[in-house]
Amino acid sequence: MTYTLTFKPAIGLYGQHDPSAALFRDGDLCYAVEEERITRQKHAVDTFPHNAIEACLDYGNLSMGDLDKIILPYDPSLQTNILPHYIQTALTADSWPKRLASLEETVITQIRGKLYPTQQIENELSKIDGSVPQIETKPHHACHAASAFHPSPFDNALVLTIDAKGEYDSTVVWRGTGDGLDRIQTYEHPNSLGLFFGIITEYLGYWMSNGEGKVMGLAPYGNPNPEIESALREVIDTGVDYDVTHLTRQWGTDPGIEQLEELFDRPRRTEGGEFTQWEKDLAFTAQSLLEEIVVDIVETYCRELETANVALAGGVALNCKVNQRVIESELVDDVFIQPAAHDAGLALGAGWLDHSPDEIEPLETVYLGPSYPIDEIRERLSENKIDYYEPANLERYVAEQIADGALVGWFQGRLELGPRALGNRSILADPRTADSRDRVNEFVKHREGWRPFAPSMLESAVEEYLEPARSAPFMITTANVKPEKQDEITAVLHPTDGTTRPQTVRKDQNPRYHTLLEEFEAITGVPVLLNTSFNDHAEPIVMTPAEAIKDFYGMGLDCLVLENIVIEK
């Protein structure tokens, strides 16, 4: 039996985020977890994933010496591909002290990456266990590509990976076949769609690598604004040969934000409160331009590679509206999107890249993290004198509570990997009224009231509710809700455009969650639940029963379900 550990080391690299670790047994993925879930620091920025690595070893009852090898989804030696750009950036700093400091940091980083690519990693691993096995490095975007293509149902596909930056690349087009991945086209940093949208995100008052989804959700509240569009098109080129470097030519968002401030003669947003219509229009325009660029790339290379299958990964592939536009293209028959499309999914791609695509089973679920025995949960509740009970028919009981208006914390089985709660660490509510949406926003999630929620629905109901009608097990694309069904699921519609971001559920994927949806349908006639991640504002999804209990008492939930156990206030 062979064991491979893969992880993204978010250290030594400016602004790194979302580290994770994964364990492969005889080439099969058996466990994966994000560092943020354990440390409770959202995105675990600039953090070495000691805890995630130890969790993988504990799951396999392994020591470091039992591993056959470690694979890192990042190759520091490739950073020299853009060394001239970094030197030029350093030399254009606004003062000589800054120029010298930037040059020194650049040269040292490049030399270390070329001569000692894994030394810092080995030092960190030795703190866990002195027996550090062989370490391999694989290119960042190749790992993104493998995370999308290898577990897809495709024999061949256009594979597109889009993020802020790998070692030197920001967007890469690949040909995926049974023989593996061939790099077809590379858009090098700083020509970065991820950084472009990150600059827009921070200009609108959120944080890059955290707030892009909020900007995507804000965009439908905006309208076409010719003045904003014309101004943006003056500084970026769209289409398959896109160029956004006027805004992104220096790493980091501040220089690009300053360009936007000058372009629009408006300062960045620094205070909370309601968005102005102009700000909504900017979000609409930036989202539209991003969609335009990505669809042009997809359609161009579908023609060139003579394929109608598309696989997507990289942080930009978390943009559900972009994904819907790709799915709706007349040149595209089918799309697979890695559910952990951001950097947390790199650990998966690193392990799969070590094997032929034909050896990898299609990815059906991402329940890859820890689970907790019910006896341990009972013991913790008894120790803390928390009353609980175990209904004879749990799913029927919880469905009745939700139908009566209860807001429910739902904690089951193994933790999901990725940014979406998919029925194991979820908050559930009745999808039929806007009141459900508003109560979850105000009393449970403690966030902006304009932000929409997503549904979980029986996969058998897809044809009845959605356009396009397709399986969507990972809640990573939007779809239009048929007009005659919109009143049935008001709480999970985007208030302005009639779209939703669905999770479809089959019994073989999640039996208990599927049964809960069936019971809710039997009571209400609606095979849908409002499903949002089980976490309070600005914290990661809960991992442990203790975290679920803490949030239950700190949030406006009515009921908490821990495996078979029900707790009520």
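Index from 1, following the sequence.
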For this session: Please report the shortest heavy-atom distance between His141 and Asp163, naming the atom on each side.
Result: NE2-OD1, 2.9 Å
Does [X] pair with [Y] as a salt bridge, N-O distance under 4.0 Å?
X: Arg425; Y: Glu416; answer: no
X: Glu390; Y: Arg378; answer: yes
X: Lys507; Y: Glu459; answer: no
X: Asp334; Y: Arg470; answer: yes
X: Lys569; Y: Asp387; answer: no
X: Arg325; Y: Glu328; answer: no
X: Arg269; Y: Glu279; answer: yes

For this session: Would you check if the distance from the ring center of Phe453 to the ring center of His494 is below 6.0 Å?
Result: no
Problem set entry | Side chain Gln412, main chain Glu563, donor-acceptor under 3.5 Å | yes
Exercise. Is it the case that Lys485 places NZ or CZ above or below the six-membered ring of Tyr465, under 6.0 angstrom from the centre and within 45 degrees of the axis?
Worked result: yes
Exercise. So among Leu422, Leu363, Thr365, which one has a side-chain contact (heavy atoms from CB on, under 4.5 Å) with Pro339?
Worked result: Leu363
